[in-house]
**Student:** 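Could you have a look at this structure, given as structure tokens, before my questions?
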Amino acid sequence: MGKNLLELKSLDVSEIRSILDQAQAFHDGQVFRGCEGRIAANLFFEPSTRTQYSFHVVDEKLGLRVVSFNPAGSSLQKNESFYDTVKTFDSFGVDLLVIRHVENEYYNQLTGRVNAKILNGGDGTGNHPTQSLLDLLTIRQQFGGFEGLKVAIVGDLLHSRIAKSNIWGLTKMGADVCVSGPPTLLLPDIEKFGVKVYYDAREAVNNADVILTTRMRMETQDKSFLPSLDEYKRLFRVDDSLLRYAKKDAIVMHPGPIQRGIEISARVIDSKRCIINDQIANSVAVRMAILYILSQIGGGMQ
């Protein structure tokens, strides 16, 4: 994994397994507070609830001291650049930089120029490695592994950094991945990712073990992407009628924040098949594992 965690596609299978194994140990009750004296700066330049505050919990559990950041009350309001703002915190001598930013691959301007280790908490529409790793852990807990699993990713893949990271992670671990969504919200040449594409969601979820939905970005949608939200719900919302095509024990997952009745019907959200709360619980274990690994000398896998 090296010094930083920026993209899931840069990890090999053995590294992913090591992270999941360590996360499972933390999930099962292993206690570790060997990070006392280290400082993590959580720099969220984009709003977040689950990712940002799960990192706060993780910092407390590992014994890290945390420096939080509010863009609205920072020198960004005085036209300071993103790069110079991050360099300020690096110059303070923090050990870890947990960063989320709206710009794709923002970290390219930081790698090799900061001393602290960088953990990508989400970049634009590009990557979200920690979310994907917690999804992988949740799936492994349910099925024991990935080989032979059919995973359907349904929704807006064009704007979803989580969908991209999950495709890289799931295909690398041996799952059979297919995708479905409005043609305007699918990535160009998405077949090159090693997935099957279905424009009918019923075909995508047919005999699926796992259904992963994405958040509809209502703040960025317009008629060029989505003519009608009602049409989207009719064709791609995960509800009882769509679930009839999946396996009886299929699980439904969502990265949050969820919009009830849009990506998933309220009835399915409140059913036992939807395991969103398991994902949230696993977010702490996975991010504990990653911060623990990155905090070791050299940031290597130990």
Side-chain angles (χ1 to χ4, degrees), residues 1 5 7-24 27 126-158 160-181 185-187 189-215 236 238 242-256 263-264 268 273-276 278-283 285-286 289-290:
M1 191 161 67
L5 178 59
E7 305 171 325
L8 195 66
K9 64 181 178 181
S10 65
L11 301 183
D12 61 34
V13 171
S14 64
E15 288 177 313
I16 292 174
R17 284 177 179 159
S18 295
I19 293 170
L20 299 184
D21 289 343
Q22 181 60 64
Q24 188 63 51
H27 177 275
N127 304 274
H128 199 344
T130 63
Q131 176 68 44
S132 183
L133 286 164
L134 73 89
D135 287 347
L136 291 176
L137 178 63
T138 306
I139 292 170
R140 194 176 77 164
Q141 288 171 344
Q142 294 289 321
F143 298 100
F146 304 94
E147 294 287 343
L149 286 183
K150 179 179 179 181
V151 180
I153 302 178
V154 179
D156 178 359
L157 277 72
L158 182 64
S160 176
R161 55 192 168 211
I162 297 165
K164 300 180 186 74
S165 291
N166 272 332
I167 288 172
W168 289 321
L170 287 163
T171 54
K172 190 172 290 188
M173 300 305 289
D176 179 17
V177 180
C178 63
V179 300
S180 183
L185 294 177
L186 294 179
L187 290 164
D189 300 322
I190 192 170
E191 294 89 349
K192 293 181 179 179
F193 283 71
V195 301
K196 297 177 182 177
V197 181
Y198 297 99
Y199 297 103
D200 187 331
R202 295 171 296 183
E203 295 182 40
V205 306
N206 184 48
N207 209 35
D209 300 284
V210 181
I211 303 173
L212 286 162
T213 60
T214 67
R215 184 176 75 88
F236 299 102
V238 179
L242 187 59
L243 274 178
R244 288 191 292 113
Y245 295 88
K247 288 183 178 178
K248 291 184 178 180
D249 61 347
I251 58 173
V252 177
M253 302 171 66
H254 189 288
E263 301 105 350
I264 310 176
V268 172
R273 303 181 73 172
C274 190
I275 57 171
I276 295 172
D278 292 347
Q279 292 174 264
I280 295 171
N282 282 332
S283 70
V286 163
I290 294 166

**Student:** Distance from Lys150 atom NZ to Asn206 atom CG, nearest 0.5 Å?
**Tutor:** 5.0 Å

**Student:** If only atom types and distance count, is the side chain of Arg215 paired as donor or acceptor with the main-chain N or O of Pro255 below 3.5 Å?
**Tutor:**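 Looks like no, no N/O pair under 3.5 Å.
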
**Student:** Roughly how far, to the nearest 0.5 Å, is NE2 of His128 from CG of Asn166?
**Tutor:**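 Those atoms lie 10.0 Å apart.
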
**Student:** Please identify each residue that fulfils salt bridge (charged side-chain N to carboxylate O under 4.0 Å, His left out) with Lys247, with sequence neighbours left out.
**Tutor:** Asp209

**Student:** Locate the shortest heavy-atom distance separating Ala289 from Ile19; write the atom from each residue and the value.
**Tutor:** CB-O, 3.8 Å

**Student:** Minimum heavy-atom separation for Ala204 to Ala152, with atom names?
**Tutor:**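 What the structure gives for the nearest pair is O-CB, 3.5 Å.
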
**Student:** Between Leu187 and Leu157, which heavy-atom pair has the shortest distance, and what is it?
**Tutor:** CG-O, 3.8 Å

**Student:** CD1/Ile264 to CD1/Ile211 distance, rounded to the nearest 0.5 angstrom?
**Tutor:**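 Result: 9.0 Å between the selected atoms.
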
**Student:** When you measure from the side chain of Lys172 to the backbone N and O of Val13, does any donor-acceptor pair fall under 3.5 Å?
**Tutor:**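 A pair under 3.5 Å: no.
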
**Student:** Would you check, one step at a time, whether the test side chain to side chain contact (heavy atoms under 4.5 Å, CB included) holds for Asp278 with Gln141?
**Tutor:** CA-CA 10 Å; Asp278 292 347; Gln141 288 171 344; 5.5 Å; no

**Student:** Do Val268 and Arg273 come close enough that some side-chain heavy atom pair is under 4.5 Å?
**Tutor:**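 No, every pair of side-chain atoms sits at 4.5 Å or beyond.
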
**Student:** Grab the two heavy atoms, one from Met173 and one from Ile16, that are nearest each other, plus how far apart they are.
**Tutor:** SD-CG2, 3.8 Å

**Student:** What residue among Val151, Val154, Ile167 forms side chain to side chain contact (heavy atoms under 4.5 Å, CB included) with Val179?
**Tutor:** Ile167

**Student:** Can Ile290 and Val286 be said to form a side chain to side chain contact (heavy atoms under 4.5 Å, CB included), step by step?
**Tutor:** CA-CA 6 Å; Ile290 294 166; Val286 163; 3.8 Å; yes

**Student:** Roughly how far, to the nearest 0.5 Å, is the CD atom of Gln279 from the CD atom of Gln131?
**Tutor:**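 The CD atom of Gln131 sits 6.5 Å away from the CD atom of Gln279.
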
**Student:** Do any N or O atoms from the side chain of Thr213 and from the backbone of His254 form a donor-acceptor pair under 3.5 angstrom?
**Tutor:** no

**Student:** Just verifying a value: how many Å separate Leu136 CG and Arg17 CZ, rounded to the nearest 0.5 Å?
**Tutor:**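 Going from CG on Leu136 over to CZ on Arg17, the span is 11.5 Å.
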
**Student:** Less than 4.5 Å apart, any side-chain heavy atom of Leu5 and any of Leu133?
**Tutor:** yes

**Student:** As a quick check of understanding, evaluate side chain to side chain contact (heavy atoms under 4.5 Å, CB included) for Ile275 and Met253, giving each step before the final call.
**Tutor:** CA-CA 6 Å; Ile275 57 171; Met253 302 171 66; 3.9 Å; yes

**Student:** Who pairs with Asp200 by salt bridge (charged side-chain N to carboxylate O under 4.0 Å, His left out), at least two apart in sequence or on another chain?
**Tutor:**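 For Asp200, the residues satisfying salt bridge (charged side-chain N to carboxylate O under 4.0 Å, His left out) (neighbours in sequence not counted) are Arg202.
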
**Student:** Report the C-alpha distance between Leu8 and Asn127 in whole Å, list the side-chain angles of each, state the deciding distance to 0.1 Å, and finish with yes or no for side chain to side chain contact (heavy atoms under 4.5 Å, CB included).
**Tutor:** CA-CA 8 Å; Leu8 195 66; Asn127 304 274; over 6 Å; no

**Student:** Output the distance between atom CZ (Arg140) and atom CG (Leu149), rounded to the nearest 0.5 Å.
**Tutor:**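 Output value for this atom pair is 12.5 Å.
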
**Student:** Keeping the roles fixed (side chain from Gln142, backbone from Ile139), state whether a donor-acceptor pair exists under 3.5 Å.
**Tutor:** no

**Student:** For Ile251 and Phe143, which heavy atoms make the closest approach, and how far apart are they?
**Tutor:** CD1-CE1, 3.8 Å

**Student:** If every non-hydrogen atom of Ser160 is compared with every non-hydrogen atom of Ala163, which pair is closest and at what distance?
**Tutor:** OG-N, 2.9 Å

